[in-house]
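Scroll down for the structure; my scribbles are underneath it.
Note that the structure is a prediction, hence the values are computed from the model and not measured. First the proteins, then the strands, lettered A, B, ... as listed; each starts at 1.
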Amino acid sequence: MVVDINAVKQARLGDKESFAEVYRQIADDLYKVALYSLGNAHDAQDVVSETFIEAYKGIKNLRDDNSFKPWIMRILSIRCKRKIGQYISGRNQLDIDDFLDLSEEGNNVEESSSNRIALLHALEMLSHQEREIVALAVVQGYTVRETAEILGAPQGTVSSKLHRTLKKLRVQLEGQGKE
Amino acid sequence: MNPDKKLEMEQDLEFLRGQFDKLNREIRLPHSLEADSMLKLLEKVEQEPKVEKNHKVLWLKPLAAIAACFVVVAGSVYALRGTGSKSSSMVSSEMSVSKEAADTQLAPEYALRALEDRAGMGGGDTGGGAPGQESDSDSGKAAVQPNEAADDLNAGGGVDYADNYTQLRDAAFRIGGGMDRYAVRNTEGNEAADEVYSQETTEQQPELKSSKIELFTSASLNSDQIAGSGYTGTNVQEDGVDEADIVKTDGAYLYSLAENDSVGSYIYVTDAAKMKVTAKIQVDDDVSEFYVSDDRLITVENAPDAIPQEKLPEVTIVGATDDSLVRQLQQKNPSATDQNMSRTDVQATEAVQVCVFDLSDPSAPKMIKTFAQNGNYISSRMESGVLYIVSSYSISPAFDMQNAQLSSLVPAVYDSTSSRAQLLSADQIAILPNSDRASYTVISAMDTSSGKSATQAILGGSDGIYMSPNNLYLYRTDFQQASGSQNFEITRIIRFSVNKSQVRLVADGTVTGSPYGQFALSESSDGRLRIAVTATQSDGGTTNSLYVLDAEMQCIGKAEGLAPGETVQSVRYVGDTAYLVTYRQGDPVFVIDLSDPQKPVLLGQLKLSGLPEYLHPVGDGLLIGIGRNIGQDGTVAGINLSLFDSSDPLDMKKIQEYQIDGGEYYSEALDNHRAVLCDESRNLLGLPVNTVDNQGRNVDSYYVFSYNRQNGFTLKANLRQDSGTGNNRFGPLNRGLIIGDLLYAFSPGNIASYNIGTFSQKGSVKLA
């Protein structure tokens, strides 16, 4: 979602309502990235609310109103990283229920949800960091450069990681039909 | 990234975006995260006692000729308070320019006065005293010191090799989650007799993986050595320790790895004097880099099928240990009985493969052998003809299955000169205590002349390596819950002594924080390890430190609390001086004196407008920085070259910042130090540069600068290799090197040579 730069400016100057407005505009994106990276709604909620508070406190230091979105994504990324640090490694589970809106009814619910489940299983094969890269580059549509800025990693590293991760996913998804 | 990979990535992105679309639309923001709920949360938080945090930003007062500000700090004065998010106050350790400091010529004994604690929290953490009086107890009280952290982690002893497979199995089981994972609480099983299952039979001549090698000339073609055949090698971190790259030379031939349109990946062998391709070696697309040394060319790649299941010994974990663990687990989970688990649905085991070619006749390279070890490639080095390969191998054995294979627990290697792959024996595997990573770091040392190799592994994993001429260091960062239940990054460093093929585990230690990469570490001439790290604090902020470790990896000196709120971006150690750049406000270069390893002394800092991401010392007291520009609004873009006079560490001066601005300028040199060419004998600096023109087309160049103390940088050449179609058919220029009086510029499809001085083109040769 596009962020209203005037609202950012007002928020930066201390207007709470404007901050809430700006938050409304990016909350979905924040939550999605956190959910993909961490794999469950509970932790994703924790991380997003921590990010909210930290962003609120820190927004007066924002140097460029145009970079609000990558800035707050960076805060989210750091929070996610710390959360991931608490997980026992090797456990990449995704809470499938948190991703699917199971109240959805309809004729195609079985078929379409099996596609989505296939996608979620493919995501489960990835590490948390790989999922975060996917969330930023694929879901949110950030460029490699922007993704690298958000993650605080060198562009070349992100680029090759993304390339490999996309391949991995693709192989998983295309291969699943054969089993 | 070459255009083909880029295109592939675009296609993958398109495809996957489509796949994700449906899934994304399903994801709903939970009610608790809606703006109104968040505002309520904010009110609650604001009602709690407020704590002032000291976010003082250091801006150096502009000092004209003497650009450095000198506040000298004795010893390890910077302490952090990180006990709780509510009560934390960041003690500012920024070095402010005190007037006296700026005016006087400081001797290292000058005491620090600049630590101000605006939060008014009191406490004696600031080391305002004279050097040597720094009170350890104060600074140790609330700060997380490396040794404290080490004690937490090291309860139970250091790293040691396993006695038998049972011990290994149990350690791996524990690390992978243990009984909790199987919802079982139990004691460990009995010891069983250990048997080594590595087999070595060489009756049959194994099939060598065939590699297509094309020769272009008859074997009688000789190459004339280029006159004055001094040549530049890969720009490596440590002299004498080679790093793999995509372009190499031995002074007579040029070796370049390229993936060309539908032709595939090849290493081209080009006679540098005659500018003729004499041979090309077909390699897998996954070959990412290679070495050339003494008649050997060695490629490295991730190759998942390199250790085929059928080559592995057929031994089960139970067979090599006992079934005590299986029985315990099956008791708790009776439905998982003796399943005949098919092992073909196991993911292909990760492996790194190395191919060795004989270059004694560079016009006719011959494949000698391949060698593979389990794991994803981390890095490699080469010294005195010995290749060191490091990989990271994750495991998740099915401990509750009777027929789980030992190969799912233990790393294997596969040397093409044997008919079978070999599992490492237990005494080749060390176990890192208190690790929670179910992965091994596998290290092999291969003598490339004889082809013999020795392999060992550490259960516990690692993130990266740094190699000095005498030691190999692995480092690994974990998040640990320290007391006070805050997360801290803790980096463990493991030191191996290296003596040709002998790689011996010697010591390990820990520091708080994480290093940004190999350049954050450096071994001093007297064998001490210096490491610069960034640590995330409980409130999400960061702080930076430099630690000095002795040969036992114990911390003997430190400088902590540098530039709170920033992260280390680049570091270089030149003799006993460290230059450290942090990001994101002010982006100064810190100069730290390490001549007394127990007392790192911050000599000063130099403000820059750009952000150096790579620092390169050149003889004669000059330091080059390659990095990016930082715009007024904080955006990071373009390329920024900086030149410093570092001849007097107490008085570091900035000579020039040269900006390549506008458009979308980027250089691989920003992320990969091997893309940098520096010829100190001629004061020349080369790097690939690309950008996008007004029509959105790629513009690829190779820039050559001269540099000197008086004038800074002068652009001498902007080399291009257009093939006239508007699109750079040869692919982007990616490397440059110098042999004799010629500079060679490489792209995947073409090599061109230029006369140094005028940079007029002398010759060229198409590769594909």
* What part of L30(A) lies closer than 4.5 angstrom to a heavy atom of chain B: side chain, backbone, both or neither? -> neither

* Part of F15(B) within contact of chain A (heavy atom distance under 4.5 Å) -> side chain

* Asked: Is there a side-chain contact between L39(B) and Y56(A) (heavy atoms, below 4.5 Å)?
  -> no

* Structure fact -> Heavy-atom nearest pair, H163(A) first then E8(B), reads NE2-OE1, 2.9 Å

* Structure fact -> Most contact-rich option vs chain B, by heavy-atom pairs under 4.5 angstrom, among K16(A), K167(A), Q45(A), is Q45(A)

* **chain A contact via L16(B) - which portion, at a heavy-atom distance below 4.5 Å** => both

* Asked: Quick one: does L169(A)'s side chain get under 4.5 Å of Q19(B)'s, heavy atoms only?
  -> no

* **Pairwise distance CG(L162(A)) to CE(M9(B)) - rounded to 0.5 angstrom** => 4.5 Å

* Asked: How long is the span from the CG atom in L35(A) to the CZ atom in R28(B), to the nearest 0.5 Å?
  -> 13.5 Å

* Structure fact -> The reported gap from CD in E14(B) to CG in L166(A) (rounded to nearest 0.5 angstrom) is 11.5 Å

* Structure fact -> Max heavy-atom pairs within cutoff under 4.5 Å with chain B, candidates A44(A), A27(A), P70(A), S49(A), goes to S49(A)

* Structure fact -> Between A20(A) and A35(B) the two heavy atoms that sit nearest each other are O-CB, 4.0 Å

* Tell me, do N24(B) and Y36(A) make a side-chain contact under 4.5 Å, heavy atoms counted? -> yes

* Please examine the side chains of R24(A) and D36(B), heavy atoms only from C-beta on, and report whether any two atoms are closer than 4.5 Å. => yes

* Toward chain A, the part of E34(B) with a non-hydrogen atom under 4.5 Å -> backbone

